[in-house]
Protein chains: 2
Amino acid sequence: METKERILKTALDLYNEQGVHTITSRHIAAEMGISAGNLHYHFKHTDEIIQTLYNRLAVGFDAIMAAVGAASDINLDIMKEFVSRSLELTYKYRFIFLHFVEIGLRIPAIRKDYHALTQRREKEFLAIFDKFKADGIFKQDIPASVLEALVTQIFIMGDFWLSNNELTGKLKGSKAIAYYSGIFASMFYPYLTKAAQQLMYDAN
Amino acid sequence: METKERILKTALDLYNEQGVHTITSRHIAAEMGISAGNLHYHFKHTDEIIQTLYNRLAVGFDAIMAAVGAASDINLDIMKEFVSRSLELTYKYRFIFLHFVEIGLRIPAIRKDYHALTQRREKEFLAIFDKFKADGIFKQDIPASVLEALVTQIFIMGDFWLSNNELTGKLKGSKAIAYYSGIFASMFYPYLTKAAQQLMYDAN
DNA sequence: TTGGATTTAGAACAAATGTACTAATTATTT
DNA sequence: AAATAATTAGTACATTTGTTCTAAATCCAA
């Protein structure tokens, strides 16, 4: 693996473990056994490392969304798959979510990009919910404003379940993902028709 | 106002505006027009300032919870009042929530305290939900696991609505509080009985 | 008013940080 | 093999930070 890639990998590990403001370029270099000068040959500014990692996260999410878009029919199983993949990706780049506001302040480009992203995603989610209504998965009589609020809830939960985990239980890896996947599933439950609720409980 | 109190006030303002890792004891002193030496006479360690502010937040929340406990009957109006007061307090000490993980890492005592707090609160919420069920406010047929998940949702939403606001809309003050109060109300909607749903919509 | 306590300013310090610079080493191309 | 380019280590520097120390100023009680 070339040095540049090793820097990114080491940075990701250290950031995930100790947070973005604790870890400096010197820490990353030391951990790798290279000089700080060398590191800064590959990344002139430390922020570029964070920016690059964020970009990879964004690309990863695009891939997940593309998979949902490619599905011939969007149903609850597809959504489950979507949730599970999203949580895994989130966990892989968890330092970003654990320090999202801090990073957004430090690198405004990231905040702007994220903001644009959520606006796109909001429409996509509302379209999916419409389809769920039409297909008898979601109840018919839910006000539009409640569904819009649900989208915001999904964003907040998706972005900060890791912070909640950090502040409370501190479940690790797949255990955390499994637990919060359950939370996400429960989140949808009261919006489902009786038939869909049955289906969900049979599945477990 | 004595110097110590002015330090706390200035620190709160600066932390809220610029985050906890950007603002140093020197910044706070400079903003007040006092020397850094003087500041450190009142607070030997900068972390003590953060700790003190966190304690005040915790006391504030206890007061809000006490008000709920004192109510003769817990109904949706009481809950609305609870949400609105909580959001206001959260906004007042927003730097804590905007940098919760960071602060929890920096001052472990805060994380421990918060952790203990949520465990107490979880039971309180579940008791309230039980009462809502008995009183025909919540639907009867909601599985216990779904209600437990709802409590976690409430915690995550309560702790991170401000971070979501920071990363996206950046609504200010009362506008942010009003918007996210609406999100919280919608969050409960699908759990309510038809009668309670009607009541909620009449109220608006 | 005098003497002790409290409060304050300002200087000083060690550690850490981001990054630039230089020179050496290594890799690649011709 | 020679020339050129890429990579690397190591040094250096200005800035910032938390904190300590000293001495002056201010306050307060007797």
Side-chain angles (χ1 to χ4, degrees), chain A residues 1-55 95-96 98-99 101-111, chain B residues 1-55 95-96 98-99 101-111:
Chain A
M1 192 162 31
E2 334 84 67
T3 307
K4 196 160 186 176
E5 202 56 36
R6 284 207 302 134
I7 292 172
L8 289 168
K9 186 179 156 35
T10 310
L12 179 60
D13 287 347
L14 291 180
Y15 285 151
N16 277 342
E17 280 161 27
Q18 306 186 48
V20 91
H21 67 280
T22 327
I23 296 300
T24 69
S25 57
R26 276 182 168 86
H27 289 134
I28 300 166
E31 175 77 18
M32 296 170 64
I34 68 169
S35 66
N38 188 8
L39 184 144
H40 277 285
Y41 167 77
H42 290 284
F43 292 95
K44 196 162 189 184
H45 299 282
T46 313
D47 284 357
E48 288 168 21
I49 299 174
I50 297 171
Q51 176 79 57
T52 305
L53 290 171
Y54 172 83
N55 289 344
F95 83 94
I96 293 175
L98 291 170
H99 309 271
V101 172
E102 188 185 341
I103 291 174
L105 267 143
R106 180 163 158 184
I107 308 171
I110 288 182
R111 215 193 66 220
Chain B
M1 191 163 31
E2 336 83 68
T3 307
K4 197 160 186 176
E5 202 55 37
R6 284 206 302 133
I7 292 172
L8 289 167
K9 188 181 153 34
T10 310
L12 179 59
D13 287 347
L14 290 180
Y15 286 150
N16 278 342
E17 281 162 25
Q18 305 185 48
V20 90
H21 66 280
T22 327
I23 297 299
T24 69
S25 57
R26 276 182 166 86
H27 288 135
I28 299 167
E31 175 78 16
M32 296 170 63
I34 69 169
S35 67
N38 189 7
L39 184 143
H40 277 284
Y41 167 77
H42 291 282
F43 293 94
K44 196 162 189 184
H45 299 282
T46 313
D47 284 358
E48 288 169 21
I49 299 174
I50 297 172
Q51 177 80 58
T52 305
L53 290 171
Y54 171 83
N55 290 344
F95 83 95
I96 294 174
L98 290 170
H99 308 272
V101 172
E102 190 185 341
I103 291 173
L105 268 144
R106 180 163 157 185
I107 308 169
I110 289 183
R111 214 195 64 220

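A note on names: the letters A, B, ... follow the listed sequences, proteins ahead of strands, and every chain is numbered from 1.
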Between [N] and [X], is there an OP1 or OP2 to side-chain N/O distance shorter than 4.0 Å?
| X | N | value |
| --- | --- | --- |
| B:Tyr41 | C:dT7 | yes |
| B:Asn38 | C:dT7 | no |
| B:Thr24 | D:dG18 | yes |
| B:His42 | C:dT7 | no |
| A:Thr46 | C:dT19 | yes |
| B:Ser25 | D:dT19 | no |

Checklist entry - Going through the distances and angles, do B:Ile23 and B:Phe95 end up as a side chain to side chain contact (heavy atoms under 4.5 Å, CB included)? => result CA-CA 11 Å; B:Ile23 297 299; B:Phe95 83 95; over 6 Å; no
Checklist entry - Backbone N or O of A:His99 within a donor-acceptor pair of the A:His21 side chain at under 3.5 Å? => result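 The answer is no, because no donor-acceptor pair under 3.5 Å joins these two groups.
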Next on the checklist: Show, in sequence, the C-alpha distance, side-chain angles and deciding distance for B:Arg111 and B:Ile103, and conclude whether the side chain to side chain contact (heavy atoms under 4.5 Å, CB included) test is met.
Outcome noted: CA-CA 8 Å; B:Arg111 214 195 64 220; B:Ile103 291 173; over 6 Å; no
To the nearest Å, give me how far apart [atom1] ([X]) and [atom2] ([N]) are.
| X | N | atom1 | atom2 | answer |
| --- | --- | --- | --- | --- |
| B:Ile49 | D:dG18 | CD1 | P | 9 Å |
| B:Glu2 | D:dT26 | CD | C1' | 17 Å |
| A:Asp47 | C:dT17 | CG | P | 15 Å |
| B:Ile7 | D:dT19 | CD1 | P | 13 Å |
| A:Lys44 | C:dG18 | NZ | C1' | 12 Å |
| B:His40 | C:dC13 | NE2 | P | 18 Å |
| A:Arg26 | D:dT16 | CZ | C1' | 13 Å |
| B:Lys4 | C:dT6 | NZ | P | 13 Å |

Checklist entry - Is there side-chain contact between A:Tyr54 and A:Ile107, with at least one heavy-atom pair below 4.5 Å? => result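 The answer is no, as the side chains (C-beta and beyond) never meet within the 4.5 Å cut-off.
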Next on the checklist: Using the rule given for side chain to side chain contact (heavy atoms under 4.5 Å, CB included), can you reason through B:Tyr41 versus B:Thr3, listing the C-alpha separation, both sets of side-chain angles and the distance that settles it, and then say yes or no?
Outcome noted: CA-CA 10 Å; B:Tyr41 167 77; B:Thr3 307; over 6 Å; no
Checklist entry - How would you label the contact of A:His21 with the nucleic acid (heavy atoms, under 4.0 Å): base, sugar-phosphate, or nothing? => result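 If one applies the 4.0 Å heavy-atom cut-off, A:His21 turns out to touch nothing in the nucleic acid.
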